[in-house]
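Read the structure below first, then the notes.
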Amino acid sequence: MTYTLTETIAPVVQPDISYHPDEVKYKQRTARRLSENPNLPKSQLPSGFPSKVEGPIVWEGKDWISEDQWVFHLSPAHLQEIDDALAHFKALNRAMGYISNDTFPLPTLSTILVSLANELYSGRGFFVLRTIPVDKYTRSDLAIIYAGISSHVGSARGKQDGTGAVLAHIKDLTLSHAHEKGGIGNAAYTTDKQVFHTDVGDLIALIALATAAEGGVSRISSSGRVYNELAATRPDLIKILSEPWILDTFGGQTGYTTRPLLYHEDGHIIIQYSRRHFTGYSNQHRSPDIPPITEAQAEALDAVHFLAEKYSLGLNFQKGDIQYINSLGLLHARDAFRDDPEHVRHLIRLWLRNDKLAWPTPKPLQPIWQRLYSVPPDEQRFPIEPEIRRKANGATK
């Protein structure tokens, strides 16, 4: 009689990780992985990655003493220039996609904005303009003003969905848009906390039309500072982050894409990721038809989040403020918030790039950047009312 021994191979499953990081589970996973391999902290950094990066964009929240260090206050003369530029552009009778630093002239403010744009790429990586009197303008005029001012910071506007929209409304849409095909799979359209992440593109601009009754603090953190801590204590996670990951496209033409989350390009540390592509969010679950992330990747995701949180700076976002941040060098997050009938948080976002000042784009990101910034002026769409971003097939992003 003969016997055949068969080996049962356990199926590869998604780690126990969700969109909202769980510090207890993170610490348990770290302890488990280190007990399995105590030499992980002794790993070599991947080729081309430094032991430490330095520069003004590498900072900790405690380094900043007063918001006067990053807030620029618009004077009455600046506001008059903005009104004059609005009248000038409207007199041209051109589509809004043609808003530029030429068609929205700001004789003295432009020089200041160019200097502040340099601060985004070569300095701390963020600043705030205060204050645009948002209630003074129609929604259409405000869109012109916002895009016009921003054209002096970033010369290129990026499309934010498959319809060519270059404006995106960041607001709680859970009730007004509950019927949407694909549901709401992004915390940006809820009152929920948004965990640390980056947007695609070079620069993010956000204008506050209204703030919440409570909460909603905008938080930013230096990717370089996060990198330095990991490089010093867990170089194995630097290796994990610098290798290709599988990103869920949530119903896109391909089920997933692959690319690293971490880059070292021309002396700059760049972290480019959104956690929900690996964990899902709300109604958009990570697809069971694509390979799950690994335990090492789950630990790396949590490590980035909790270090970003540890070294973060909270910004006092006021009504009429415009916040600009370098999305290549900084991570950002948002606290949960509560609206009431008199206070309904509503931001509008632009994705920008300053072609004169821009950092080199890492090769794996170049196709994304090319699609982002290639929309012609006549095809740029400026939605005046809130809507959820859509893919080209009509599903929500």
Side-chain angles (χ1 to χ4, degrees), residues 9-37 39-41 43 45-46 49 182-183 185-188 192-200 221 223 226-227 229-231 233-264 269-309 331-333 362 364-365 368 391 397:
I9 300 175
V12 180
V13 296
Q14 178 81 353
D16 181 14
I17 187 170
S18 62
Y19 174 78
H20 291 290
D22 184 318
E23 191 167 10
V24 172
K25 290 181 180 179
Y26 164 52
K27 290 180 177 179
Q28 290 174 343
R29 177 174 283 114
T30 297
R32 184 169 62 249
R33 295 194 66 240
L34 290 177
S35 69
E36 293 169 354
N37 185 355
N39 291 319
L40 288 176
S43 302
L45 287 167
F49 283 85
N186 192 321
D192 202 1
K193 175 180 179 177
Q194 276 188 289
V195 302
F196 278 98
H197 65 286
T198 61
D199 289 11
V200 295
S221 192
S223 297
V226 170
Y227 173 87
E229 181 103 345
L230 287 177
T233 62
R234 292 296 303 277
D236 59 300
L237 296 183
I238 296 294
K239 182 176 185 296
I240 292 295
L241 290 163
S242 68
E243 294 173 341
W245 288 50
I246 293 174
L247 290 79
D248 198 333
T249 60
F250 299 113
Q253 289 185 347
T254 57
Y256 63 89
T257 60
T258 60
R259 61 172 175 80
L261 308 191
L262 172 68
Y263 307 89
H264 182 234
I269 284 297
I270 297 170
I271 298 177
Q272 215 294 312
Y273 88 112
S274 178
R275 186 179 174 102
R276 70 187 184 96
H277 288 287
F278 311 104
T279 64
Y281 176 79
S282 186
N283 294 332
Q284 287 189 351
H285 305 287
R286 183 169 170 95
S287 172
D289 300 322
I290 66 176
I293 66 172
T294 66
E295 285 290 326
Q297 289 175 327
E299 185 189 4
L301 284 177
D302 281 346
V304 169
H305 172 81
F306 286 113
L307 285 174
E309 194 170 66
L331 300 138
H332 65 282
L365 300 179
I368 303 171
K391 300 182 180 71
K397 288 177 69 71

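We use all heavy atoms of the structure for the numbers below, so side chains are in, but hydrogens, waters and symmetry mates are not. Numbering starts at 1 and runs along the sequence shown.
To the nearest 0.5 Å, atom CG of residue Leu45 and atom CG of residue Leu237 are 11.0 Å apart. Atom CD1 of Ile246 and atom OG of Ser287 lie 11.0 Å apart (nearest 0.5 Å). In this structure, the separation between OG1 on Thr249 and OH on Tyr256 is 10.5 Å, given to the nearest 0.5 Å. Here the CD1 atom belonging to Ile238 is positioned 4.5 Å from the CG atom belonging to Leu230, to the nearest 0.5 angstrom. Within the model, atoms OH of Tyr26 and CG of Leu301 stand 11.0 Å from one another, a figure rounded to the nearest 0.5 Å. Within the model, atoms CZ of Phe306 and NZ of Lys27 stand 8.5 Å from one another, a figure rounded to the nearest 0.5 Å.
Arg286 places a side-chain N or O within donor-acceptor distance of the main-chain N or O of His277, the cut-off being under 3.5 Å. Put simply, the side chain of Gln272 gets close to the backbone of Asp199: a donor and an acceptor are under 3.5 Å apart. Checked by atom type and distance alone, the side chain of Gln194 never pairs as donor or acceptor with a backbone atom of Asn186 at under 3.5 Å. For His197 (side chain) and Val195 (main-chain N/O), a donor-acceptor pair under 3.5 Å exists by modelled atom type. Listed for the Trp245 side chain is no donor-acceptor partner under 3.5 Å among the backbone atoms of Ile293.
Heavy atoms only, all atoms of each residue included: Pro260 and Ser242 are closest at CB-O, 3.4 Å. The two residues Pro46 and Pro235 come nearest to each other via the heavy atoms CD-O, 4.5 Å. The minimum heavy-atom distance linking Tyr273 with Phe196 is given by the pair OH-O, 3.0 Å. Heavy atoms only, all atoms of each residue included: Asp236 and Leu40 are closest at OD1-O, 3.3 Å. The two residues Tyr19 and Ala187 make their nearest non-hydrogen contact at OH-CB, 3.8 Å. Across every non-hydrogen atom of Gly255 and Ile290, the tightest pair is O-CG2, 4.0 Å.
Side-chain atoms of Tyr281 and Asp192 include a donor-acceptor pair closer than 3.5 Å.
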Worksheet item: Given Thr279 and Ser18, is the side chain to side chain contact (heavy atoms under 4.5 Å, CB included) satisfied, shown in steps?
Response: CA-CA 5 Å; Thr279 64; Ser18 62; 5.5 Å; no
Discussion item. I'd like to know whether Glu295 forms a salt bridge (Lys or Arg N to Asp or Glu O under 4.0 Å) with Arg29, so could you lay out the CA-CA distance, the side-chain angles of the two residues, the decisive distance to 0.1 Å, and finally the verdict.
Written reply: CA-CA 8 Å; Glu295 285 290 326; Arg29 177 174 283 114; 2.6 Å; yes
Item to complete: Might you work through the side chain to side chain contact (heavy atoms under 4.5 Å, CB included) test for His264 and Tyr227, ending with a clear yes or no?
Response: CA-CA 10 Å; His264 182 234; Tyr227 173 87; over 6 Å; no
Worksheet item: Should Leu261 and Phe278 be marked as a side chain to side chain contact (heavy atoms under 4.5 Å, CB included) after you check the CA-CA gap, both sets of side-chain angles, and the distance that decides it?
Response: CA-CA 11 Å; Leu261 308 191; Phe278 311 104; 3.7 Å; yes
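Evaluation of the side-chain hydrogen bond (donor to acceptor under 3.5 Å, both in side chains) rule for Thr30 yields Glu299 as partners, not counting sequence neighbours. Judged as a salt bridge (Lys or Arg N to Asp or Glu O under 4.0 Å), and not counting sequence neighbours, Asp248 has no contacts.
Arg234 pairs with exactly one of Leu34, Leu307, Ile240 by the side-chain contact (heavy atoms from CB on, under 4.5 Å) rule, that one being Leu34. For the salt bridge (charged side-chain N to carboxylate O under 4.0 Å, His left out) test with Asp302, the passing option among Lys25, Arg275, Arg33 is Arg275; the others fail.
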